[in-house]
Amino acid sequence: MIWVYSLHSQGSIDNGNADIKIIAKTFENMFNIDLGDFYHSYLELKGRKINRTKFLDSLRDALIKRMDEQDEK
């Protein structure tokens, strides 16, 4: 769900013209998942006082770590 909002906020799909509901439905179909009330989930993330993007941050950190480890070889 955080990916849906991130991609929509960045304008990464259809030159920023894609509706967030279409992006969410595409993710559900592509990954065979049910995002449920994704807007409610967004509001929960938004309401966090600390580390609103914890999952995205951990993905970024894991990718950077992998790249650094490969650079060391």
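Bear in mind the structure is a predicted one, so any value in this text is a computation, not a measurement.
- The line from CG of Asn32 to CG of Asp34 is 10.0 Å long, rounded to the nearest 0.5 Å.
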Can you give each donor-acceptor pair under 3.5 Å made by side-chain atoms of residues 55-73, sequence neighbours left out, with the distance rounded to 0.1 Å?
residue: Asp57; atom: OD1; partner: Thr53; partner atom: OG1; Å: 3.1
residue: Asp57; atom: OD2; partner: Thr53; partner atom: OG1; Å: 3.3
residue: Ser58; atom: OG; partner: Phe55; partner atom: O; Å: 2.8

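- The CG atom of Leu35 sits 12.5 Å away from atom CD1 of Ile2, with the distance rounded to the nearest 0.5 Å.
- The backbone N or O of Lys21 lies less than 3.5 Å from a partner atom in the side chain of Asp19, making a donor-acceptor pair.
- Residue-environment remark: OH (Tyr42) stays at or below the threshold of 12 foreign heavy atoms within 6.0 Å.
- Relative orientation of the Tyr5 and Phe38 rings is tilted, given thresholds of 30° and 60° on the angle between their planes.
- With rounding to the nearest 0.5 Å, the separation of OG in Ser9 from CD1 in Ile20 is 6.5 Å.
- The two residues Gly36 and Glu28 make their nearest non-hydrogen contact at N-OE2, 3.9 Å.
- Linking ILVMFWY side-chain heavy atoms closer than 4.5 Å, directly or via other members, places Ile22 and Met30 in two distinct hydrophobic clusters.
- Remark: Lys46 NZ to Tyr39 OH distance equals 6.5 Å, nearest 0.5 Å.
- Smallest separation of non-hydrogen atoms from His8 and Ala18: CD2-O, 3.2 Å.
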